[in-house]
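Worth saying up front: this structure is predicted, and the values here are computed from it rather than measured. Letters go in sequence order (proteins before strands), and every chain restarts at 1.
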Amino acid sequence: MSELTLLLIRLAFLAVLWFFVIAAVGVIRTDLFGPRTAPATARKPPKPAKPVSKPKRGEPRQMVVVGGPLQGTIINLTETPITIGRATDATLVLSDDYASSRHARLFPQDGQWIVEDLGSTNGTYLDRSKVTRPMPVPLGTPIRIGKTVIELRK
Amino acid sequence: MTAAAVEVAPVPMTAKRRGAQLAMLAFAIAVVMGAYASVGLGLDGKIPAGMLTYGLGLGALMVAAYLVLARFAPWADPLLLPLVTLINGIGLVIIYRIEQTGQAGASATNQLFWTALGVVMFSATLIVLKDHRALQRLTYTMGFVGLGLLVLPLVPFIGKEINGARIWIGVGGFTIQPAEFAKLALVVFFAGYLVAKRDVLALAGRRLLFIDLPRARDLGPVLITWGFSLAVLILQKDLGSSLLLFGTFIVMLYIATQRTSWVLIGVLLFLGGAILAGQLFDHVAARFEVYLNPESQALYDREFGGSYQLMQGLFALGSGGILGTGLGEGHPKLIPLSFSDFIFTAAGEELGLTGLMALLMVYALIVERGLRTAIAARDPFSKLLAGGLSFILAWQVFIIVGGVTNLIPLTGLVTPFMSAGGSALLANWILIALLVRMSDAARRPPPQAIQDEGMTQVFQR
């Protein structure tokens with residue numbers, strides 16, 4: 001086996017090793033750079049179906065605190081999710097011993113706002129039922145988090 | 001009504017990516033077989049007879065692992081298994097190559113046997129553990145099991161001292177390092193404990209200058225872990241495990257509470273402990289001495305606790321250079337124990353910096369997948385457990401690679417999945433099984449939110 005062949009084998013092996021790494025990164029590309037390309041096409045089909053599947057009830061514009069120490073606070077709803085809890089980086093910061101630091105999250109999805117409990121200690125209640133999985137929030141239905149009660153309004 | 005409700009676009013849709021997983025697995029095995037062939041060509045100019053046995057053996061094992069994964073954790077991350085396969089396979093090749101030089105103790109057949117056992121453990125974990133949150137109920141049990149395993153080598157008759165560290169136990173004809181399994185149990189314990197206590201640890205306390213100081217009584221568990229890791233260090237002369245455990249605990253505390261003060265306290269405690277140990281104990285002091293002056297002739301020539309092994313490793317890396325000498329063309333026999341703690345330098349000589357970086361990238365990707373699982377996980381226990389397990393893997397690679405390259409003082413630890421050694425391989429395969437289980441739970445699409453609220457709610461799995 002000549003020196004040159006061995007050199008070529010060596011370089012080829014290193015190249016293949018790196019190609020493996022690059023292929024692996026390719027598999028998780030959407031994770032690293034965000035789903036920029038894929039959902040753009042994937043999201044198109046559901047669009048036309050949407051008005052058919054659900055009568056438009058009017059989308060909520062504001063989140064209003066109707067009970068608890070922060071009563072009267074109004075947060076305008078945009079496209080960004082809202083986090084609620086005692087942590088200082090939450091959108092609605094509660095100072096309530098019954099709330100967890102990251103208590104619950106509200107996020108928009110197809111014009112609906114969904115409430116999700118983030119593993120809080122005392123639970124989140126939508127109207128009277130405990131939120132155990134992401135649930136859509138109808139307009140004017142109270143969400144209870146500790147002593148705080150919030151509602152979505154137009 | 002329900003039909004209309006079901007049509008709503010799912011929340012974040014993840015694909016199973018099974019095809020990609022199978023392709024990457026085949027790619028990994030092809031790379032490993034290429035490495036075998038390359039070793040044979042480098043050594044004596046022909047493809048080694050073992051290539052098909054080892055390559056197909058590894059391939060069959062991984063296909064078995066893949067089938068178990070596809071059946072019992074279909075939504076699991078598509079990359080974890082192929083990445084681990086590659087690292088494990090490259091480890092096998094390097095050990096096979098070292099075995100060819102006739103270094104005592106290196107045995108690729110043994111390693112393949114342990115890999116098979118590892119895959120069995122991987123499958124068993126996936127099959128038995130349907131829901132990883134069952135572990136949360138075992139928090140304190142796991143804590144005791146972990147501590148028990150850690151102190152097991154100190155028990156007379158069972159424990160064995162090999163190469164100056166008392167970390168082995170003899171079972172039948174085998175020796176096992178219980179600490180490898182202890183670390184898994186302890187990560188589960190830390191995760192369960194911190195989920196229960198994180199609010200207290202994060203919120204109580206007062207502010208001093210710019211850091212939030214925790215309350216004194218909340219320091220208790222940290223101090224106990226610190227004391228325990230120091231005890232391990234002193235009684236078993238096992239610096240690596242001690243650093244590994246304490247570092248992992250501190251990082252999990254940080255993940256749970258997001259308080260920098262804990263990291264600061266942890267680093268200070270560890271430095272304090274390390275300096276104290278350095279003054280009190282000869283074997284720790286010797287490590288520092290070697291770390292500071294590895295080139296000194298006196299240390300190089302010293303028979304025990306000198307820098308001979310470290311320097312031979314560094315020479316190997318130097319002779320490898322950027323592109324390496326090529327598989328089968330280096331001299332791994334010159335490095336003592338090149339098949340276990342120093343396998344990274346043996347790989348570095350033959351694959352060069354380029355190859356080592358690729359290996360480190362593969363490790364980084366495994367850790368990235370683990371941390372990604374932690375981010376995607378839905379309950380705090382899984383977040384902490386996935387974060388802790390990925391970190392312990394990363395931290396282990398850092399400690400040993402940093403050690404053999406003299407970036408930090410050398411502490412004996414195995415390179416995950418590469419070094420010869422059954423216990424570590426088994427424990428790490430279980431670790432990967434846990435990550436796979438959690439990534440399956442995290443990536444599984446959530447039950448769909450329902451649009452109209454009636455008395456009964458129907459949801460889709």
Side-chain angles (χ1 to χ4, degrees), chain A residues 1-2 5-7 9-28 30-32 35 38-39 42-43 45-47 49-50 52-55 86-87 89 100-102 107 109-110 112 114-116 118-121 126-127 129 132-138 141, chain B residues 4-5 7-9 11 13 17 20-21 23-24 27-28 30-31 34-35 37-38 41-42 44-46 77-79 82-83 86 90 195 198-199 202-203 258 323-327 329 350-352 354-355 357-359 361-362 365 368-369 372 378-381 383 446-447 449-451 453 459:
Chain A
M1 186 101 347
S2 75
T5 335
L6 281 176
L7 177 76
I9 290 174
R10 187 169 105 200
L11 295 180
F13 181 72
L14 289 176
V16 169
L17 207 55
W18 271 101
F19 187 65
F20 178 85
V21 172
I22 292 164
V25 172
V27 171
I28 54 165
T30 48
D31 260 23
L32 294 174
R43 202 167 256 193
K47 267 268 163 74
K50 201 179 77 178
V52 188
S53 70
K54 168 175 74 83
R86 292 200 304 195
D89 58 347
S100 301
S101 53
R102 274 175 188 71
F107 58 93
Q109 183 200 303
D110 301 333
Q112 282 256 320
I114 312 282
V115 64
E116 182 186 14
L118 300 174
S120 65
T121 316
L126 177 64
D127 207 358
S129 55
T132 49
R133 59 197 166 78
M135 296 217 270
V137 185
T141 308
Chain B
E7 269 172 37
V8 174
V11 188
M13 199 50 200
R17 311 295 302 269
Q21 181 169 22
M24 286 304 287
F27 194 176
V31 172
S38 171
L41 292 174
D44 46 17
K46 54 179 191 288
D77 192 281
L79 269 188
L83 292 173
L86 182 86
I90 296 281
V195 164
R198 62 176 177 163
D199 279 353
L203 294 171
Q258 307 178 3
L323 290 175
T325 56
L327 281 167
E329 290 169 80
E350 305 203 330
L351 297 176
T354 323
M357 285 302 152
L359 290 181
M361 278 299 289
V362 174
L365 281 170
E368 193 268 345
R369 293 327 289 161
R372 179 77 210 171
R378 294 181 193 138
D379 57 314
F381 175 73
K383 277 189 192 302
I450 306 161
Q451 296 299 302
E453 309 78 29
F459 59 90

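- Taking chain A as the reference chain and counting heavy-atom pairs below 4.5 Å, the highest number among B:Val195, B:Thr325, B:Asp44 is found for B:Thr325.
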Please tabulate, for the side chains in residues 10-19 of chain A, all donor-acceptor contacts under 3.5 angstrom to protein atoms that are two or more places apart in sequence or on a different chain.
from: A:Arg10; atom 1: NE; to: B:Gly324; atom 2: O; distance (Å): 3.1
from: A:Arg10; atom 1: NH2; to: B:Gly324; atom 2: O; distance (Å): 3.3
from: A:Trp18; atom 1: NE1; to: B:Thr354; atom 2: O; distance (Å): 3.0

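- Contacts of B:Ala23 with chain A are absent, with no heavy-atom separation under 4.5 Å from either backbone or side chain.
- Among all heavy-atom pairs drawn from A:Ile9 and B:Ser38, the shortest one is CG2-OG, 3.8 Å.
- Between chain B and the options A:Ala24, A:Ala87, A:Ser100, heavy-atom pairs under 4.5 Å are most frequent for A:Ala24.
- Each of B:Asp77, B:Leu365, B:Leu79 was checked for a side chain to side chain contact (heavy atoms under 4.5 Å, CB included) with A:Val27, and the lone residue meeting it is B:Leu79.
- Of the inter-residue distances, the one linking A:Ile28 atom CD1 with B:Arg372 atom CZ reads 9.0 Å to the nearest 0.5 angstrom.
- The part of B:Leu327 that comes within reach of chain A is its side chain, from C-beta onward, which places non-hydrogen atoms under 4.5 angstrom from that chain.
- Residues meeting the side-chain contact (heavy atoms from CB on, under 4.5 Å) test with A:Asp127, sequence neighbours left out: A:Thr141, A:Pro142.
- Heavy-atom distances place no part of B:Gln21 under 4.5 Å from chain A, backbone and side chain included.
- For the set B:Pro380, B:Gly34, B:Ala28, B:Ala30, the entry with the most heavy-atom pairs within less than 4.5 Å of chain A is B:Ala28.
- Both the backbone and the side chain of B:Met24 come within less than 4.5 Å of a heavy atom of chain A.
- Residue B:Phe27 comes nearest to A:Ala23 through the heavy atom pair CE1-CB, 4.1 Å, listed as atom of the first residue, atom of the second, then distance.
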